[in-house]
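Since we're looking at a predicted model, the values are computed, not measured. Throughout, residue positions are numbered sequentially from 1 according to the sequence presented.
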Amino acid sequence: MAKELEKFKAEHKKLAAGTRKFTAAEGDKLKKRIGISLGNAWEGEDYFRESLAKARADGVKSEKLADFQKNKQFKDGLTTWNKAVDIHQQEVDAMKGFCAEAKAHLAKMSKLAADIEKDLKKRSKTSASKKDIEALQGELAKEIAAVKKASEYEGKLNAAQKLYAANFQKKVNAILKEKPDSHDKKKDATELPQLLVDRNLKKYTNQVGALVKAINSHCIAAIDKAGQDLKAAVPELKAAMAKFNDLKKINDQYQTAKKKFPGAIEDSKDKKKLLATLKKFNDLTAASERKLRGTKVTIKKAAA
């Protein structure tokens, strides 16, 4: 009965390339790209609103797209937004394709698993190949679970990520029908640097909070592990340092924006909140640096 084992191994080997391809890491990568492309599409929408306001300031008084298309600035705004939306849709399509292919691969893996299960049921306990086939069954089960997880990534997308591109034309028409003064009220969304626009500020505030928490956790773990084995603390210290570098990059770009756009911040209706957030970023970065430095000193003393 060794020939069945060889057959199962050969089929398993054929599936190996696909199994390595459909991973949660790849799903995470595609999801991250979709998040970035959606952010760019939102920025394109802001730019479109700005170009619309400028077209109206140039004297275009209409709700018809054809009339606005004659205005160069408006046309540029619409084209820029449209390109960002197309790129976003491409990323969504890539995710859909990835999940569809993963499901098709999963079906092949499941068939092999069923064939193995069927073979094992009729195989005697004294079969020489039984243990090897069971080992292969266990390995395949783990791989099936991983590919199944990867195949479900499309379900992790929210409505905005899935449908933003599909609603593009409807959104263009809706914006054209908005009252001109509604665009004046959205001045901050178009004239502030994108880094300081509310949705981006919220996104980075969440990232900063998560990074600070991770740095603290790694530092605590490093000290705990150093008490037993100094070498075991090294990976935790490296992880804390990597997170701190990410935190510093975010803070540096925000402090640069603060210096570069003092007028935009001063004129913003959210000036108080902006300045408080930028101060918080700076304070948290400084505190994390102190935490990291203190952790290194503590471990150095323990090594002495």
Original post:
Between K258 and L275, is a side chain to side chain contact (heavy atoms under 4.5 Å, CB included) present by the stated rule, with each step listed?
Top reply: CA-CA 8 Å; K258 182 182 176 183; L275 290 175; 4.1 Å; yes
**OP:** Evaluate the criterion side-chain hydrogen bond (donor to acceptor under 3.5 Å, both in side chains) for residue pair Q255 and N251; output intermediate values, then yes/no.
**Re:** CA-CA 6 Å; Q255 301 312 318; N251 185 53; 2.9 Å; yes
**OP:** Report the C-alpha separation of F8 and D115 in whole Å, then their side-chain angles, then the decisive distance to 0.1 Å, and conclude whether the side chain to side chain contact (heavy atoms under 4.5 Å, CB included) test is met.
**Re:** CA-CA 9 Å; F8 293 147; D115 289 344; 4.1 Å; yes
**OP:** Check the pair L65 / Q169 against side chain to side chain contact (heavy atoms under 4.5 Å, CB included), numbers first and verdict last.
**Re:** CA-CA 11 Å; L65 183 61; Q169 195 56 54; 4.2 Å; yes
Original post:
For F244 and T285, what are the C-alpha separation, side-chain angles and deciding distance, and is it a side chain to side chain contact (heavy atoms under 4.5 Å, CB included)?
Top reply: CA-CA 8 Å; F244 176 74; T285 302; 4.0 Å; yes
**OP:** Start with the C-alpha gap between E26 and K29, add the side-chain angles, then the distance that decides, and say whether salt bridge (Lys or Arg N to Asp or Glu O under 4.0 Å) holds.
**Re:** CA-CA 5 Å; E26 186 63 24; K29 189 165 80 173; 3.5 Å; yes
Subject >> salt bridge (Lys or Arg N to Asp or Glu O under 4.0 Å) between E236 and K225, intermediate numbers included >> reply: CA-CA 9 Å; E236 296 292 349; K225 290 179 179 180; 2.8 Å; yes
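Residues passing the side-chain hydrogen bond (donor to acceptor under 3.5 Å, both in side chains) test with K9, sequence neighbours excluded: none. Listed by chain and number, the residues in a side-chain hydrogen bond (donor to acceptor under 3.5 Å, both in side chains) with D93 are Q89 (sequence neighbours excluded). Remark: T19 pairs with H105 by the side-chain hydrogen bond (donor to acceptor under 3.5 Å, both in side chains) rule, at least two apart or across chains.
Remark: K171 is not positioned above the aromatic ring of F168, lacking an NZ or CZ atom under 6.0 angstrom from the ring centre and at most 45 degrees off the axis.
If you look at F281 and Y204, their ring centroids are not closer than 6.0 Å.
Ion pairing of E152 with K148 is present here, as a side-chain N (NZ or NE/NH1/NH2) and a carboxylate O approach within less than 4.0 Å. A salt bridge is defined here as a Lys NZ or Arg NE, NH1 or NH2 lying under 4.0 Å from an Asp or Glu carboxylate O, and R123 with D119 meets this definition. Comment: K111 does not engage E11 in a salt bridge, judged by the lack of any side-chain N to carboxylate O separation of less than 4.0 angstrom.
When all heavy atoms are compared, the tightest approach of I223 to I299 is N-CD1, 4.4 Å. The two residues A84 and A41 make their nearest non-hydrogen contact at CB-CA, 3.8 Å. Across every non-hydrogen atom of A55 and F74, the tightest pair is CB-CB, 4.0 Å. Looking at every heavy atom in both residues, A233 comes nearest to A222 through CB-O, 3.3 Å. Scanning all heavy atoms of the two residues, the minimum distance from S151 to L106 falls at OG-CD2, 4.3 Å.
Proximity of W81 to I175: side-chain heavy atoms (C-beta onward) are separated by under 4.5 Å at one or more points. At a threshold of 4.5 Å between non-hydrogen side-chain atoms, the residues E143 and H12 count as touching. Counting heavy atoms from C-beta on, the side chains of Y164 and E45 come closer than 4.5 Å. Put simply, the side chain of W42 does not reach to within 4.5 Å of the side chain of D46, judged on heavy atoms. Contact annotation: the side chain of K291 never approaches that of V212 to less than 4.5 Å [non-hydrogen atoms, C-beta and beyond]. L284 has its side chain out of reach of L211: every pair of non-hydrogen atoms, C-beta onward, lies at least 4.5 Å apart. K121 places none of its side-chain heavy atoms less than 4.5 Å from the side chain of K118. Considering only heavy atoms from C-beta on, V92 stays 4.5 Å or farther from K162 through its side chain.
Taken to the nearest 0.5 Å, the OG atom of S127 stands 8.5 Å off from the CD atom of E4. The CZ atom of F68 sits 11.5 Å away from the CG atom of L78 when rounded to the nearest 0.5 Å. Between K156 atom NZ and L30 atom CG the span is 13.0 Å, to the nearest 0.5 Å. Going from atom CD1 of I220 over to atom CD1 of I215 covers 12.0 Å, rounded to the nearest 0.5 Å. Taken from CG in L112 to CD1 in I144, the straight-line distance is 7.5 Å, to the nearest 0.5 Å. With rounding to the nearest 0.5 Å, the separation of CE in M241 from CG in L292 is 5.5 Å.
Among the candidates N282, D283, T277, the single residue satisfying the side chain to side chain donor-acceptor pair (under 3.5 Å) test with K279 is D283.
Between the side chains of H88 and Q161, no donor-acceptor pair is found at a separation under 3.5 Å.
Note: the hydrophobic cluster containing M95 does not contain L163 (ILVMFWY, side chain heavy atoms under 4.5 Å, direct or indirect links). Residues F48 and I87 are members of separate hydrophobic clusters, defined by side-chain heavy-atom contacts under 4.5 angstrom among Ile, Leu, Val, Met, Phe, Trp and Tyr.
Between F22 and F98, the ring planes lie tilted relative to each other; the angle falls in the 30° to 60° range.
Crowding of K108 atom NZ: a count of heavy atoms from other residues, nucleotides or ligands under 6.0 Å not exceeding 12.
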